[in-house]
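Okay, structure first, notes after.
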Amino acid sequence: MGIFRGYIIEELKNSAKKLGVPADTLESLEFNVEPPTKSDLDADYTSNIAFKLARHLKKNPKLIAEELRETLSENLNFSQVQVGGNGFLNFKLSRGGELVERVIKDALFGKLRIAEPNPRKVLFEFVSANPTGPLNVVNGRAATIGDILANVFQRAGHQVSREYYVNDLGGQIEKLADSVLARLKQLLGEDVPLPEGGYPGEYLIDIAKKFMETHSGDLKLPDEVLREKLLKFTIDEIVSWQRRSLERFGVRYDTWFRQSQLTGELKKVMRILEEKGLLYQEDGAIVFKTTVYGDDKDRVVRKRDGTWTYFAYDIAYISNKYSRGFQYLLTILGPDHHGYIKRLLAATKALGYDPETHEILLHQLVTLTYGGKEVRMSKRQGKFVTLDELLDSVDRDVARYFFITRLKDTHLEFDVELALRASMDNPVYYVKYSHARICSVFRKGNLTDEEVESLASSLNLRELLEEREFEVIKAIDEAYSSLRSAYLLREPYYLTLWAYNAAYAFHKFYDTCKIIGSKRQDIRLVISLAFKRRLSDWASIVGVSLPEEM
RNA sequence: GCGCCUGUAGCUCAGCUGGAUAGAGCAUGGGAUUUCUAAUCCCAGGGUCGCAGGUUCGAAUCCUGCCAGGCGCGCCA
């Protein structure tokens with residue numbers, strides 16, 4: 001929540017109590033305390049509490065605001081409390097005092113976190129691309145969102161696990177097997193065409209080559225056996241590519257879970273559904289009555305040919321996740337899966353789990369552009385931009401940052417040209433530069449972080465600050481609100497928004513407030529260190545590095 | 001046809017649990033540098049919030065209908 005905002009909220013509640021508002025209505029009031037949107041307003045925070053109270057008290061909001069203001073005017077932590085507009089309460093904070101000291105100390109010694117009364121064991125599943133080829137740019141977006149949200153959840157005290165689901169069974173995998181076998185035969189000099197609808201990508205040739213080198217003894221085996229061995233080799237190979245790409249991108253998984261591990265669980269869940277009378281036969285297939293739980297139509301779980309559908313395995317997978325002790329499941333899917341949500345939740349319900357503990361998030365696509373011109377991606381044509389190709393040209397931090405500069409629900413336009421420009425119009429560098437500047441100041445002053453830290457203990461941190469110094473303090477404290485928004489709305493975007501605004505406050509401070517050699521040197525060093533530590537803490541959530549110099 | 005997402009400044013987007021004169025970055029024009037790194041800071045111009053109704057003290061925000069774009073509607077995964 002942040003020290004400043006939290007304090008104002010408490011004070012407003014106390015004031016409202018004095019006006020005779022019952023405690024329980026106050027708890028359910030849901031009023032805001034936020035920075036004003038009007039920039040010409042002389043206030044740090046503004047609250048709509050009077051509007052919300054107006055409904056309960058049946059009184060003019062402006063009158064209520066006036067009454068609240070009366071009770072707050074003596075408070076030394078506010079230099080000004082005003083009623084504006086039709087009833088907004090506008091707060092200007094004192095530029096020094098106990099609250100400021102608390103913010104500085106919190107940034108110096110504390111860690112960003114969220115008060116979550118109900119911490120749980122949470123499983124994050126994200127990316128989970130088929131092991132049929134390299135990861136692409138959209139997978140990169142999913143990876144970033146999932147990884148950062150997992151970090152955010154950790155800050156709320158949840159015990160988080162990251163999992164990648166490997167779909168190593170099914171029709172696509174059979175096609176993969178046929179494709180790579182054809183490539184191998186071609187390499188062995190046979191005139192074999194690629195199968196219809198197979199995977200034409202050149203990367204399968206590389207895999208076939210590697211197989212030839214490492215498994216030369218197996219090449220004479222009968223086709224069936226050879227195909228089996230080659231397929232296993234291929235999947236392992238592609239999964240390790242994917243893992244390497246993700247690690248290069250700064251994303252590490254706790255578990256790589258294979259669909260083929262679910263065969264036992266599958267029988268178990270089907271028995272459960274059977275016992276509940278949720279399965280029926282149709283044209284030789286087995287169908288699950290998902291409509292009972294709100295799906296648009298019933299879904300086939302076993303095909304007429306006797307094989308299980310992908311969905312059937314997913315039911316088993318859900319059961320498996322819960323049975324491993326996870327209390328909350330978070331699954332991040334691409335936009336092409338939105339029709340899938342209802343049936344996944346139907347499965348959750350049918351298995352007897354609370355659908356409230358299974359959250360499915362969607363993110364939208366990524367359009368890659370180069371100087372405004374769209375770069376087309378098509379997996380079918382074997383022509384698409386891989387995550388590795390992107391990382392070959394674009395800095396990892398820039399890529400991560402770009403992926404969350406938009407809400408996940410909107411299409412993201414990733415301009416490679418802009419990302420490549422290491423200049424002022426690239427927001428990542430703007431943020432990094434603020435860190436580099438602080439390091440530079442400390443170097444100039446021949447000071448380590450620890451030395452600056454010890455200055456803090458001998459300094460009066462309640463003294464009145466100059467306006468731009470105080471703006472940095474306020475920005476430091478606002479990190480809590482951004483983390484909270486990111487958590488509650490499941491939107492990493494708010495984290496980048498904070499970083500930009502905070503860096504702006506710092507650059508502005510730096511611009512006019514000389515540090516080394518100034519009369520205010522010590523307090524400014526401490527403010528800089530507080531900012532630096534808060535920014536580093538932020539960077540560990542977002543997963544970007546901060547340079548000592550640029 | 002049905003479902004999900006989107007439509008706000010020239011461009012990319014915030015704001016959407018209803019509240020003040022609708023914001024930011026980029027781009028454009030102007031200004032600041034014997035600098036703790038100017039990868040910075042300051043100023044300016046720029047808007048029928050897709051369209052039309054409705055709800056109310058008040059709508060970019062909620063409801064309905066329409067228009068436009070993206071994606072999805074398999075016994076594929």
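Below, read A as the first sequence line, B as the second, and so on, with proteins coming before strands; counting in each chain starts at 1.
- Among A77(B), C36(B), A14(B), the nucleotide with an atom closest to any side-chain atom of His337(A) is A77(B).
- Between Ile360(A) atom CD1 and C4(B) atom P the separation is 15 Å, expressed in whole Å.
- Remark: ring of Phe88(A) does not overlap the six-membered base ring of G19(B) in a stacked fashion, as centroids less than 5.5 Å apart with planes less than 30° apart are not both met.
- Distance OH (Tyr500(A)) to C1' (U40(B)): 11 Å, rounded to an integer number of Å.
- Between G19(B), A39(B), C71(B), one nucleotide has an atom nearer to the side chain of Phe51(A) than all others, and that is G19(B).
- Using N1 to N3 plus N6-O4 or O6-N4 for Watson-Crick, or N1-O2 and O6-N3 for G-U wobble, each under 3.5 Å, G29(B) pairs with C43(B).
- Backbone-only engagement by Arg437(A) is indicated by non-hydrogen atom pairs under 4.0 Å involving sugar-phosphate atoms exclusively.
- Among the atoms of the strands shown, none is found under 4.0 Å from any heavy atom of Ile286(A).
- For the OP1/OP2 pair of G3(B) and a distance below 4.0 Å, the side-chain nitrogens and oxygens of Lys342(A) include no atom meeting the criterion.
- Between the side chains of Thr144(A) and Arg400(A), no donor N or O sits under 3.5 Å from an acceptor N or O.
- Taking the P atoms as reference points, C4(B) lies 42 Å from C41(B), given to the whole Å.
- A straight line from CG of Leu407(A) to C1' of U61(B) spans 15 Å, rounded to a whole angstrom.
- Backbone-only engagement by Tyr504(A) is indicated by non-hydrogen atom pairs under 4.0 Å involving sugar-phosphate atoms exclusively.
- Taking the six-membered ring for Trp and thresholds of 30 and 60 degrees, Phe311(A) and Phe288(A) have nearly parallel ring planes, at less than 30 degrees apart.
- Taking the P atom of each, G70(B) and A32(B) are spaced 48 Å apart, rounded to whole Å.
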Just the atom pairs and distances: protein N or O near nucleotides 5-11 of chain B's N or O, under 3.5 Å.
{"from": "C5(B)", "atom 1": "O2'", "to": "Asp409(A)", "atom 2": "O", "distance (Å)": "2.5"}

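- Shown here, C49(B) forms no base pair; nothing in the strands shown gives a Watson-Crick or G-U wobble contact with both key distances under 3.5 Å.
- Pair check for G1(B) finds C73(B); Watson-Crick or G-U wobble, both atom distances under 3.5 Å.
- A straight line from NZ of Lys59(A) to C1' of C57(B) spans 18 Å, rounded to a whole angstrom.
- Taking the C1' atom of each, A9(B) and G3(B) are spaced 33 Å apart, rounded to whole Å.
- One N or O donor and one acceptor, one from the side chain of Thr46(A) and one from the base of A20(B), sit under 3.5 Å apart.
- Using atom P as the reference point in both U8(B) and U55(B), the two lie 27 Å apart (nearest Å).
- As the counterpart of G7(B), C67(B) is assigned, both hydrogen-bonding distances of the Watson-Crick or G-U wobble pattern falling under 3.5 Å.
- Within the 6.0 Å centre-distance limit, the rings of Phe51(A) and Phe88(A) are counted as a close aromatic pair.
- At whole-Å resolution of the value, OH in Tyr510(A) and P in A39(B) are 10 Å apart.
- Across all strands shown, Ile438(A) has no heavy atoms under 4.0 Å from either base or sugar-phosphate atoms.
- Across all strands shown, Asp283(A) has heavy atoms under 4.0 Å from base atoms, whether or not it also approaches the sugar-phosphate.
- The six-membered or imidazole ring of Tyr253(A) lies near that of Phe126(A), with a centre-to-centre distance under 6.0 Å.
- Checked by distance alone, Asn90(A) brings a side-chain donor or acceptor within 3.5 Å of a matching partner on the base of A20(B).
- The cationic group of Lys321(A) lies under 6.0 Å from the six-membered ring centre of Tyr317(A) and within 45° of the ring axis, placing it in a cation-pi geometry.
- In this structure, Asp336(A) atom CG and G70(B) atom P are separated by 16 Å, rounded to whole Å.
- Between Tyr340(A) and Tyr310(A), some side-chain heavy-atom pair lies under the 4.5 Å cut-off.
- Using a distance-only test at 3.5 Å, with no hydrogens or angles considered, no donor-acceptor pair links the side chain of Arg406(A) to the main chain of Phe403(A).
- A gap of 32 Å separates the C1' atoms of U6(B) and A44(B), to the nearest Å.
- The nucleotide whose nearest atom lies closest to any side-chain atom of Tyr340(A) is, among C36(B), C42(B), A77(B), A77(B).
- Of the listed residues (Thr25(A), Ile64(A), Leu29(A), Leu26(A)), just one forms a side chain to side chain contact (heavy atoms under 4.5 Å, CB included) with Lys52(A), and that residue is Leu29(A).
- Among the protein residues, Lys508(A) comes within range of the sugar-phosphate backbone only, with heavy atoms under 4.0 Å from sugar or phosphate atoms but none that close to a base.
- Side-chain proximity of Leu497(A) to the nucleotides G72(B), A14(B), A77(B) is greatest for A14(B).
- For His338(A), taking side-chain heavy atoms from C-beta onward, the closest of the listed nucleotides C36(B), A77(B), G72(B) is G72(B).
- Between Lys289(A) and Asp295(A) there is no salt bridge, since no side-chain nitrogen of the basic residue lies less than 4.0 Å from a carboxylate oxygen of the acidic one.
- For A20(B), there is no paired nucleotide, since no Watson-Crick or G-U wobble pair has both relevant distances below 3.5 Å.
- Between Lys303(A) and C76(B) there is a side-chain polar atom (N or O) within less than 4.0 angstrom of OP1 or OP2.
- With respect to the salt-bridge test (charged N to carboxylate O, under 4.0 angstrom), the residues Arg484(A) and Glu478(A) do not qualify.
- Here Gly171(A) lies in heavy-atom contact (under 4.0 Å) with sugar-phosphate atoms only.
- Within the nucleic acid shown, Tyr494(A) comes within 4.0 Å of sugar-phosphate atoms alone, with no base atom in reach, counting heavy atoms only.
- Of the candidate nucleotides U40(B), C36(B), C42(B), U40(B) has the atom lying nearest to any side-chain atom of Asp511(A).
- By the side chain to side chain contact (heavy atoms under 4.5 Å, CB included) test, Ala503(A) is found to be paired with Tyr430(A), Val431(A), Ser434(A), His507(A), residues two or more places apart in sequence or in another chain being considered.
- Heavy atoms of Asn48(A) sit nowhere under 4.0 angstrom from any nucleic acid atom.
- A distance of about 11 Å separates the C1' atoms of C67(B) and A52(B), rounded to the whole Å.
- Nucleic acid contact class of Cys439(A) (heavy atoms, under 4.0 Å, all strands): none.
- Between G53(B) and C75(B), the two P atoms lie 45 Å apart (nearest whole Å).
- Here Phe442(A) lies out of heavy-atom contact (under 4.0 Å) with every strand.
- At whole-Å resolution of the value, CG in Leu333(A) and P in C71(B) are 18 Å apart.
- When atom types are taken as modelled, the side chain of Lys175(A) and the backbone of Gly198(A) share no donor-acceptor pair closer than 3.5 angstrom.
- Among the nucleotides C36(B), U40(B), G25(B), the one closest to the side chain of Val441(A) is C36(B).
- Straight-line distance between the C1' atoms of U28(B) and C66(B): roughly 37 Å, to the nearest whole Å.
- The side chain of Ile515(A) has C36(B) as its nearest neighbour among G15(B), C36(B), C41(B).
- Picking from U40(B), C36(B), C13(B) the nucleotide with the shortest atom distance to the side chain of Tyr430(A) gives U40(B).
- Pair assignment for A60(B) gives none, since no Watson-Crick or G-U wobble pairing has each distance under 3.5 Å.
- Residue Arg406(A) places its side chain closer to C13(B) than to any other of C13(B), G74(B), A77(B).
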